[in-house]
Number of protein chains: 4
Amino acid sequence: MRSKQEDPGRAKPSFIEQARRAQIVEAAAEVVAEVGYARTSFARIAAKAGISKGVITYHFDSKDEILRLVATEFFAEGWRYIEARIAAEETAAGQVRAWIGSELEFFGAHRTRFLAMSDIIANHRTEDGSHAYASELAEEVDGLTEILRRGQHDGELRPFDARSVANIILRCTTGVLETWATNPETDLEAESVVLLDFIDHAIGRKHS
Amino acid sequence: MRSKQEDPGRAKPSFIEQARRAQIVEAAAEVVAEVGYARTSFARIAAKAGISKGVITYHFDSKDEILRLVATEFFAEGWRYIEARIAAEETAAGQVRAWIGSELEFFGAHRTRFLAMSDIIANHRTEDGSHAYASELAEEVDGLTEILRRGQHDGELRPFDARSVANIILRCTTGVLETWATNPETDLEAESVVLLDFIDHAIGRKHS
Amino acid sequence: MRSKQEDPGRAKPSFIEQARRAQIVEAAAEVVAEVGYARTSFARIAAKAGISKGVITYHFDSKDEILRLVATEFFAEGWRYIEARIAAEETAAGQVRAWIGSELEFFGAHRTRFLAMSDIIANHRTEDGSHAYASELAEEVDGLTEILRRGQHDGELRPFDARSVANIILRCTTGVLETWATNPETDLEAESVVLLDFIDHAIGRKHS
Amino acid sequence: MRSKQEDPGRAKPSFIEQARRAQIVEAAAEVVAEVGYARTSFARIAAKAGISKGVITYHFDSKDEILRLVATEFFAEGWRYIEARIAAEETAAGQVRAWIGSELEFFGAHRTRFLAMSDIIANHRTEDGSHAYASELAEEVDGLTEILRRGQHDGELRPFDARSVANIILRCTTGVLETWATNPETDLEAESVVLLDFIDHAIGRKHS
DNA sequence: AATGAATGAGATTTCATTCAT
DNA sequence: TATGAATGAAATCTCATTCAT
């Protein structure tokens, strides 16, 4: 079944409709960040938003739909930000730095949303039990792999298995963000400098 | 409340008692690996073990206790394996390679348990909502930090913020394991080679 | 409480009002026929009619009122048709044949409406739990009983308990219609011939 | 998914288990008979049985399973009774009389159960919306059709479309039972005599 | 040592209905 | 006249846990 939002037979969502949906998605993100995916419930979301449980199911078809939106809307927003930064660079090494740096920058500015998003991505399963966002993550790896290969071809980067390294780099980056998100005293800017330097040495030609 | 196992007023656990507990912990690990932390229930564990739900609560105080054991017993077992490998090395760089290599090796040999452990570590919360295993992870980082600092002091490793890099390295490693665990077609040995090479370039003096 | 339609303090229903009510009643009939009485809801009726749920409660006091109309309007329409056919006959046997034949004919031409009507009649209960249309059915039996008695008095029909037989005949007839309505491949005209012949033999004098 | 009862991994149901299940099925039948299929709920069944709602879902997988049992167990019990009566007869006409007579006799002795059964058969739908017991009813018609054909072949019964008439006879019979079940002042024995006589005239050779 | 039975809290979801606009 | 929005009750069902045997 389509979501209420996407139903073509439904009129353009009103301003109130949009505001309520945004409010609920926001409240859901806060709840996931606070109590974790497993303990996120309609009751907690409603309480956080200060509305009745009924409102939630009036605006959304299911809990899954809300959590999917929490994850995908924010993921997409982040990706638009990162993409623009990458596009501004020409060299592969510059693009890698732009990607990682802007990823830390963007998500570092939205701690709650990031926590929610990563919790949902890690936990959301399809009915058959498989991870629901596996393909999105694979696409990211594909994108970075391509950049790395170009860098190798252009002689900027040293030889290595581009796909494996792309995966490692992305895992590092979310890893650092998770460390920061769960330990708020972390100085993310300092971590960012260290990570960029770490990656630079790991893949750059000039160091080998 | 202490767990039934640890209660000092309780007689030494019999062989049967120990076997049952192990059986239940094993079944719980399989369930977590299959359906994920959020959908793990007594009913599913009992079904997987082929026993009644009552047996579980007879041997364990709570669901939390079982899942804690799934994570900590395996974590400890893994750590003993890794520790021995580290102890066999003398140089810091050798110890880092031994750590990462043996971590991939050990967990790579126990996919189901690893999936369960990392799912539980990522999701288990204390009553107040905070992550339950934060201190264990911090200890790991502390251990690796110390090795890195020694390597820097001995001139084996280039200068960098040792704590931040220790965290990055550990996140990389679990990241690669998670990639493999959720994509079973991954060639973990090949990934291992790439990762060790990646880290080597990132922290070694000879490349800078 | 009276229905909005009947409320004497309310102005004469406009054309639009009447059209909307008819549209809703029609949609409700389709929903009942499709998903059954128990699963008929405002949401489904509104979706079927392509309108919002609010419209329904604007035009009707309650769900019960709509379903009552679905059943009674169609029942009344059917009865007017049947009545006219009966009136055109003079003999009791002829009137019985006219009744049964025209009942099959009329409802056989409106499958969806018939399904809805019979589902509602079978399921609609008053607040105290008793069947809501018991008296309507009793009246039908009364009417047929009278015809049968006249037939017996006139010597057309053999002796039997007229009231019991009237009930049997009416149950047969709705039974055949239900068979057809739930098995659309049924040839209702053929069934009609068989049923009329069956009844004729059962009550007629010439066969005994 | 199999029902709890049928699960082969489950031990033979204990006496208590059987008793509870029977108690719940009985309570469910009473509720359906009283308030109708659409208003039958776990809450009402539990209240009627004097137990908590949880007990019901402990012993049964779903509401559907309970209602299915209410209908099918009783239907099967009735059929065993009727079958034995049919088997004791030799002529087709005798078998028809035995069938109808014993059907009225058996169900007439269990008013509540009959009401529940017929309500469930009339209302229970599969997920796609089609009637769940259509095939069971068709089988009954098949069985009676065969008897009628034999009667025609042996010259006991007059010519008619056996299948259509079988359906009519069975519809008559349940119709009479429903009349009695919803109007408890009805004298079912008297109705039975009238119905058997009615059918006898309708299909017998000697009357034509 | 084991387990079947029971329970009540809480989960998601559907629903009829009310109301402000 | 219409409708989007909201609500709270009630529905089915899952769950961790307790308890008697």
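For the numbers below, each heavy atom of this structure counts, side chains included, while hydrogens, waters and symmetry mates do not. Source: prediction; values computed, not measured.
Across the interface with DNA chain F, nearest-nucleotide mapping of C:Ile16 and A:Ser52 shows C:Ile16 to be the residue nearer the 5′ end. Mapping D:Val55 and B:Val55 onto DNA chain E by nearest heavy atom places B:Val55 closer to the 5' end of the strand.
OP1 or OP2 of E:dA2 sits under 4.0 Å from a side-chain N or O of B:His59. Between F:dA10 and D:Arg39, no contact under 4.0 Å exists linking OP1 or OP2 to a side-chain N or O. Considering only side-chain N and O atoms, C:Arg20 lies under 4.0 angstrom from the phosphate OP1 or OP2 of F:dA2.
When both distances must be under 3.5 Å, the Watson-Crick or G-U wobble mate of E:dG8 is F:dC15. Shown here, F:dA20 forms a base pair with E:dT3; the pair counts as Watson-Crick or G-U wobble because both key distances fall under 3.5 Å.
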*Please step through side-chain contact (heavy atoms from CB on, under 4.5 Å) for the pair C:Ile66 and C:Ile56, ending with a clear verdict.*
CA-CA 9 Å; C:Ile66 301 169; C:Ile56 301 179; 3.3 Å; yes
_Intermediate values then yes/no, side-chain contact (heavy atoms from CB on, under 4.5 Å), D:Glu34 and D:Arg44_ = CA-CA 10 Å; D:Glu34 262 172 44; D:Arg44 283 192 165 100; over 6 Å; no
*Should B:Thr182 and B:Leu115 be marked as a side-chain contact (heavy atoms from CB on, under 4.5 Å) after you check the CA-CA gap, both sets of side-chain angles, and the distance that decides it?*
CA-CA 8 Å; B:Thr182 49; B:Leu115 270 173; 4.2 Å; yes
*For A:Asp64 and A:His124, what are the C-alpha separation, side-chain angles and deciding distance, and is it a side-chain contact (heavy atoms from CB on, under 4.5 Å)?*
CA-CA 8 Å; A:Asp64 268 17; A:His124 215 69; 3.5 Å; yes
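If you take CD1 of B:Ile24 and P of F:dA16, they are 14 Å apart, rounded to a whole angstrom. Atom-to-atom, CD1 of B:Ile66 to P of F:dC15 comes out at 14 Å; the value is rounded to the nearest Å. Rounded to whole Å, the distance from OH on A:Tyr37 to C1' on E:dT12 is 13 Å. F:dA5 atom P lies 12 Å from atom CZ of A:Phe60, rounded to whole Å. Atom-to-atom, CD of A:Gln18 to P of F:dA5 comes out at 10 Å; the value is rounded to the nearest Å. Look at CD1 on A:Ile51: it is 19 Å from P on F:dG4, rounded to the nearest Å. The separation between D:Glu65 atom CD and F:dT12 atom P is 15 Å, rounded to whole Å. Rounded to an integer number of Å, the gap from CZ of D:Arg21 to P of E:dA5 is 11 Å.
The shortest distance between side-chain heavy atoms of C:Arg20 and C:Ile51 falls below 4.5 Å. Looking at B:Val32 and B:Leu67, their side chains come closer than 4.5 Å, going by heavy atoms from C-beta outward.
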*With the sugar-phosphate defined as primed atoms, P, OP1 and OP2, and the base as all remaining atoms, what B/S/- string results for nucleotides 16-21 of chain E, 5' to 3', for protein heavy atoms under 4.0 Å?*
BBB---
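Nearest to the side chain of A:Arg44, among E:dA11, F:dT3, E:dG4, sits E:dA11.
Partner of A:His59 under the side chain to side chain donor-acceptor pair (under 3.5 Å) criterion, chosen from A:Glu17, A:Gln23, A:Arg21: A:Glu17.
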